[in-house]
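Everything below concerns the one structure shown next.
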Amino acid sequence: MSKTPGLFAFIASAVLTFPAIAFAQFGGQGLGSALSNDPLSHQGQVRPGVEDTAGHAAQETPFKIIKDVKLGLKDADPNVRVGELTKLRDLQDPEVNAILVESMADTDLRVKLKAIDLLGSREADEAVAPMSSMLFLRSTEQIARLHLVAELGRIGDGQGAPAVMQFLAEHEDDRGRGTAVFVLGEIGNEKATPLLKRVVIEDQSPTVRRLAREALRKIDGELPFEHQKQTAVAARPACPGSDRSEARKAARARPEVAEPGALTLSRIS
């Protein structure tokens, strides 16, 4: 009989203690509580997975991104390779343009076009020579030639003018000639003036003739370059005979200027 009060006291103590333990484990207010009154109480300390991924990507160094891109470009899936190139769009590293130039030789057309377009959007002067050479390779697809011409205009370096002039002289398609004429106006090199004057007189397409007249006015400084219109940097007309690369270099020295818009083929359709 002497053991009964002790046993009763033990049972009573366990009954009174268990709810507190259960509440702490399953119904408390702390981090990780499954039955917390605020089921989202942990969100302030543990960020959602999407935000975690974005934050991690933002903290990646250019070296790490380039290393991952080089590995991804070895993937057999062209879509993966295109995605890897896209990661380089705004990356400021001297190795990026070299990777894009090399990717112009990819076996898949989609990868080629992505590399060409990114070089144009980055205004990569060092890409002008390889892009000009690729323009006349027999293996270069027609759509790739159009992209090459358009992006040479987007870069705006006068060294690209001779290749575009040759393309214009040899091309019979209205769309191709219109693209070339528009681009010569965007580059703004006066060496293209005699050819453009001939196009104004002789070309059979009214659209191409109109674009040629506008290109001549851009070269003479009477019209702003598309680049200038889109960046609102036409503070003064370009000097006649100077190509757009000089104006672009001056604009780059001004940090308040917005990024240039894309030069698309639809504008000359």
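Fair warning: this is a prediction, and the values are worked out from it, not measured in the lab.
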What residues, two or more places apart in sequence or in another chain, satisfy salt bridge (Lys or Arg N to Asp or Glu O under 4.0 Å) together with D68? K64
Are the side chains of [X] and [Y] in touch, meaning some heavy atoms are under 4.5 Å apart?
{"X": "D75", "Y": "E84", "result": "no"}
{"X": "R89", "Y": "S121", "result": "yes"}
{"X": "S133", "Y": "L137", "result": "no"}
{"X": "M131", "Y": "I155", "result": "yes"}

Quick one: side chain to side chain contact (heavy atoms under 4.5 Å, CB included) partners of D117, sequence neighbours excluded? H147, E151
Under-4.0 Å salt bridge between D108 and R81: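 Looking at D108 and R81, the cut-off is not met.
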Does a side-chain N-to-carboxylate-O contact under 4.0 Å join K218 and E214?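 Here K218 does not pair with E214 in a salt bridge, since their nearest N and O are not under 4.0 Å apart.
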Ignoring hydrogens, what is the shortest heavy-atom contact between I219 and A192? Give both atom names and the distance. CD1-CB, 4.5 Å
Compare every heavy atom of S103 with every heavy atom of L73, then report the nearest pair and how far apart it is.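 Heavy atoms of L73 and S103 come nearest at CD1-OG, 4.0 Å.
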The test is salt bridge (charged side-chain N to carboxylate O under 4.0 Å, His left out); show your working for E170 and R145 and say whether it passes. CA-CA 12 Å; E170 297 177 356; R145 288 192 171 96; over 6 Å; no
Is there a donor-acceptor pair closer than 3.5 Å between any side-chain N or O of T140 and the backbone N or O of F136? no
